[in-house]
Amino acid sequence: MIDLKKELNDKQYEAAASIDGPQLIIAGAGSGKTRMITFKTAFMIENAGIAPENILALTFTNKAAAEMKERIQTLIGERAKKLTVSTFHSFGLSLIRRYGAELGYSGRFSVYDADDAQSAAKEAAVELKIPLESVNLTETAALFSAVKTGRTPLPAAYKEWYEFYNRRLKAFNAVDFDDLLALPLKLLRENATVCEECRSRYRYILVDEFQDTSTIQYEIVKTLAEKHRNLSVVGDDDQSIYSWRGADFSNFLRFERDFPERREIKLEQNYRSTKNILEAANRLISRNLNRKTKNLWTGGESGRHIELFTPEDEEAEAAFIASTIRSLRFNHKLKYDDFAVLVRTNTLCAPIEAELLNNNIPYTVSGGTSFFQRKEIKDVIAYMKTVVNPDDEINLLRILNTPRRGLGVKSIERLKQFADARKFSLYTALCTIAASADREAFFPKAVGDEIEEFVGLIETYRQRFDEPGSRASVVLSSLLEEIFYYAFVINETKNNERLAKFKLGNIARFIDMIRRWESDPERENRSLPDFLNRITLLTDDRKDGDGEDKVNLMTIHASKGLEFNVVFLAGVEEEIIPHKRSIEENAENIEEERRLFYVALTRAKRHIVITSCAKRKRNRIAVTANPSPFLSEIPEELTVRHDPSKKTENFDPKTLLANLKKTLSTS
């Protein structure tokens, strides 16, 4: 049995022991909410006797979901495997997979990532004869996403394009990322049988990071919970920083309106930061009017003051950060991954990254190119997706002439005309031409032969991947060798041997990833379609968890949910934070910008160093930079200002020698 009183503080215990009915749990930064949720879930199963398959826990990253399930399994063992612990998108995918026939999808549908969806929108525009030079595809894709998830109405000027885009997806038996939310909500609202089945199964629902939910995500959980009303939402309104990607701050008000009988509990004891850091964060965020009042506190030490530096420019700022990391690391025996350098926007990273390189300081940049977005990996995935679902036109077009097989732009244009005239999918057109005795009436012999060979390749490997007992990793290796893909990579990078090795190494790593996937006895779904859909979901997770000892250079948005011993906040200047564009778009954004700065402060456990340059280049011209107004909202008694010419720590030979002697004498 789970002893909650032994494991949790009083407020955590109250939240974890409350099982029936709706609960709003306001969990401040560093208040141990993950521990509370873990014990709450284990308590529901172990002590209250709730069947694990009746519990649904939703969060926002695959990593967080995996960690939560692993922690619960540590407490209650094998029964945790029957829990549904998932991201919203993964949960939506599972519903579409289970009830896809109700929506008109076959079992082997494809999930388009953002790039694939934008390509599909482009193809739709071409077919509708919309001049591409007159539109911005990135903005259009964002608009389609906002329309599909209910964030904005569909402008009349885009109606035909939007509807045709969605018909194309359906024709190719594909869904985009937003469909993973929109289609499940449609199912729950319009199919009473499906809705009742889901409500009967998921009688208890927990939502982590509630402040990050969008309107459509809230509607999904509200619809599921309306009958049994056992909905626990856990979040912190002071950390609501994702409005630009759909997170809706007003979901707290919706929850209070829709579940008036709710129980509200606040977790305010912080287990992460020192008193000085918490006091600074509390005083800052108290300026926001639209918030639930809370006051983080700790029984720990006061700790160091927040250190403020004013370097001359961004180069001096970067040099200061690099040298301070070196000295703090040595003098306090820290690891590189104890440090984080946080910036408001990625554009501030370049000089810092260059200086870390100059100082041989290993680092990782969050938000860089995802492994799954690298060209060679996208090509390999496109082959696999086409084998699974040949009607997936986006991926079919990607591989049709990769490696080059004589099917260039003109051939593809003629092929599409052939398909459109007969209302065929592109792959059906390829198969028709390949099987035709008089295909030379449509295409030159060389092109027709290439088409026949390509169709034969796809059909052969469709069978090989589907053979009972076949190993996807082995079959894929064979496919890549047969199409001479390795030679293609080498030829494409013939002037850069190092890059060629890097790309080939990535492919080897990917095949090994499949090998581990299909060899995992703990994984229920090990089919190729499941693996490919999992990849699409994983590409939404941006943190590269390679486990190496590196300084973390990232945006403040990317740092949410993480913690570090030492945090540098760089570029804390007017028009950077709060960001000029954000405030120009909406004056009310000042509160979200303040919440963003609050998140940055509360990432630090022991030590915060803030830099604000005297000058910064804008359009290659150095202009005067002013400190962020947020700095004036931190009480002076909690800060210490330093001469920019002096370092926080001295890194000199005498200190080096003294520390070495001390280390040797105690070893």
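In summary, Glu7 and Arg35 engage in a salt bridge, as defined by a charged side-chain N under 4.0 Å from a carboxylate O. One finds no salt bridge joining Arg229 and Glu226 here, because no Lys/Arg side-chain nitrogen approaches an Asp/Glu carboxylate oxygen to under 4.0 Å. Ion pairing between a basic and an acidic side chain is recognised when a charged N comes within 4.0 Å of a carboxylate O; Arg581 and Glu584 show no such pairing. A salt bridge links Lys11 and Glu14; the closest N-O separation between the charged side-chain nitrogens and carboxylate oxygens is under 4.0 Å. Comment: Lys275 does not engage Glu279 in a salt bridge, judged by the lack of any side-chain N to carboxylate O separation of less than 4.0 angstrom. Salt-bridge check for Glu317 with Lys615: failed, with every basic side-chain N at 4.0 Å or more from each acidic carboxylate O. The pair Lys617-Asp313 does not meet the salt-bridge criterion, since no charged nitrogen lies less than 4.0 angstrom from a carboxylate oxygen. By the 4.0 Å N-to-carboxylate-O rule, Lys580 lies too far from Glu574 to be salt-bridged with it. A salt bridge links Asp176 to Lys148: one of the charged nitrogens lies within less than 4.0 Å of a carboxylate oxygen.
The salt bridge (charged side-chain N to carboxylate O under 4.0 Å, His left out) test applied to Glu588 returns no partner, not counting sequence neighbours. Evaluation of the ring-ring contact (aromatic ring centres under 6.0 Å, His included) rule for Phe249 yields no partner, not counting sequence neighbours. Contacts of Trp244 classified as ring-ring contact (aromatic ring centres under 6.0 Å, His included), with partners at least two apart in sequence or in another chain: Tyr242, His557.
The six-membered or imidazole ring of Phe39 lies away from that of Tyr13, with a centre-to-centre distance of 6.0 Å or more. A distance below 6.0 Å separates the ring centres of Phe88 and Phe60.
Enclosure of atom NZ in Lys292 by more than 12 non-hydrogen atoms of other residues, nucleotides or ligands within 6.0 angstrom is indicated. A 6.0 Å sphere centred on CD of Glu636 holds no more than 12 heavy atoms belonging to other residues, nucleotides or ligands. Residue Asp10 qualifies as open at atom CG: its count of foreign heavy atoms under 6.0 Å is 12 or below. Within 6.0 Å of the CD atom in Glu256, the count of heavy atoms belonging to other residues, nucleotides or ligands exceeds 12. By the 6.0 Å contact criterion, CZ on Arg257 is enclosed, its count of non-hydrogen atoms from other residues, nucleotides or ligands being greater than 12.
The two residues Ala280 and Ile306 make their nearest non-hydrogen contact at CB-CD1, 3.5 Å. A pairwise comparison of heavy atoms in Val567 and Ala600 identifies CG1-O, 4.2 Å as the closest pair. The minimum heavy-atom distance linking Asn552 with Asp337 is given by the pair ND2-O, 3.6 Å. Heavy atoms only, all atoms of each residue included: Ile583 and Asn589 are closest at CD1-C, 3.9 Å.
A donor-acceptor pair under 3.5 Å is formed between the side chain of Glu268 and the backbone N or O of Asn295. Side chain of Asn136 to main chain of Thr138: a donor-acceptor pair is present (N/O by atom type, distance under 3.5 Å, no hydrogens or angles). The backbone N or O of Leu328 lies less than 3.5 Å from no partner atom in the side chain of Asn331, so there is not a single donor-acceptor pair. A donor-acceptor contact shorter than 3.5 Å links the side chain of Asn359 to the backbone of Glu355. Although no hydrogens or angles enter the test, the distance criterion places no donor-acceptor pair under 3.5 Å between the side chain of Gln118 and the main chain of Ala141. The backbone N or O of Cys613 lies less than 3.5 Å from a partner atom in the side chain of Glu573, making a donor-acceptor pair. A side-chain donor-acceptor contact under 3.5 Å links Arg603 to the backbone of Val599. Of the possible polar contacts, none joining the Ser559 side chain to the Leu562 backbone as a donor-acceptor pair under 3.5 Å is found. Although no hydrogens or angles enter the test, the distance criterion places a donor-acceptor pair under 3.5 Å between the side chain of Gln12 and the main chain of Ser31. In terms of modelled atom types and a separation under 3.5 Å, the side chain of Ser273 and the main chain of Lys605 share no donor-acceptor contact.
For the 3.5 Å distance criterion, the side chains of Asn251 and Arg254 qualify, holding a donor opposite an acceptor. For Ser86 and Thr84, the side-chain atoms include no donor-acceptor pair closer than 3.5 Å. Of the N and O atoms on the side chains of Arg606 and Asn565, not one donor lies less than 3.5 Å from an acceptor on the other residue. Using a 3.5 Å distance cut-off with no hydrogens or angles, the side chains of Asp258 and Tyr218 do pair a donor with an acceptor. Side-chain N/O atoms of Asp178 and Thr149 include no donor and acceptor closer than 3.5 Å. Using modelled atom types, one finds no donor on one side chain facing an acceptor on the other under 3.5 Å when comparing Thr274 with Asn276. There is no side-chain donor-acceptor pair under 3.5 Å between Tyr598 and Gln239.
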- Item | Pair Leu267-Asp236, side-chain contact (heavy atoms from CB on, under 4.5 Å): steps then yes or no | CA-CA 10 Å; Leu267 307 184; Asp236 181 6; over 6 Å; no

- Task: Please step through side-chain contact (heavy atoms from CB on, under 4.5 Å) for the pair Phe210 and Val234, ending with a clear verdict.
- Result: CA-CA 6 Å; Phe210 182 64; Val234 186; 5.9 Å; no

- Query: Step by step, would you call Glu593 with Phe630 a side-chain contact (heavy atoms from CB on, under 4.5 Å)?
  - Reply: CA-CA 9 Å; Glu593 291 288 307; Phe630 292 154; 4.1 Å; yes

- Task: Report the C-alpha separation of Gln217 and Lys222 in whole Å, then their side-chain angles, then the decisive distance to 0.1 Å, and conclude whether the side-chain hydrogen bond (donor to acceptor under 3.5 Å, both in side chains) test is met.
- Result: CA-CA 9 Å; Gln217 288 166 335; Lys222 185 194 84 167; over 6 Å; no

- Item | Steps toward side-chain contact (heavy atoms from CB on, under 4.5 Å) verdict (Glu209, Lys560) | CA-CA 11 Å; Glu209 305 287 5; Lys560 187 172 169 293; 3.0 Å; yes

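Distance check, rounded to the nearest 0.5 Å: CZ of Arg595 to OG of Ser240 gives 4.5 Å. With rounding to the nearest 0.5 Å, the separation of CD1 in Ile241 from CG in Asp212 is 7.0 Å. In this structure, CZ on Phe320 lies 10.0 Å from OG1 on Thr310, to the nearest 0.5 angstrom. Taking CD1 from Ile205 and CZ from Phe91, the interatomic distance works out to 7.5 Å, rounded to the nearest 0.5 Å. Atoms OG and CZ, from Ser18 and Phe43 in turn, are 9.5 Å apart once rounded to the nearest 0.5 Å.
For the pair Arg329 and Tyr336, the distance from NZ or CZ to the six-membered ring centre is under 6.0 Å and the angle to the ring normal is within 45 degrees.
Each of Val365, Val341, Val551 was evaluated against Ile352; a single residue qualifies, Val341, per the side chain to side chain contact (heavy atoms under 4.5 Å, CB included) test.
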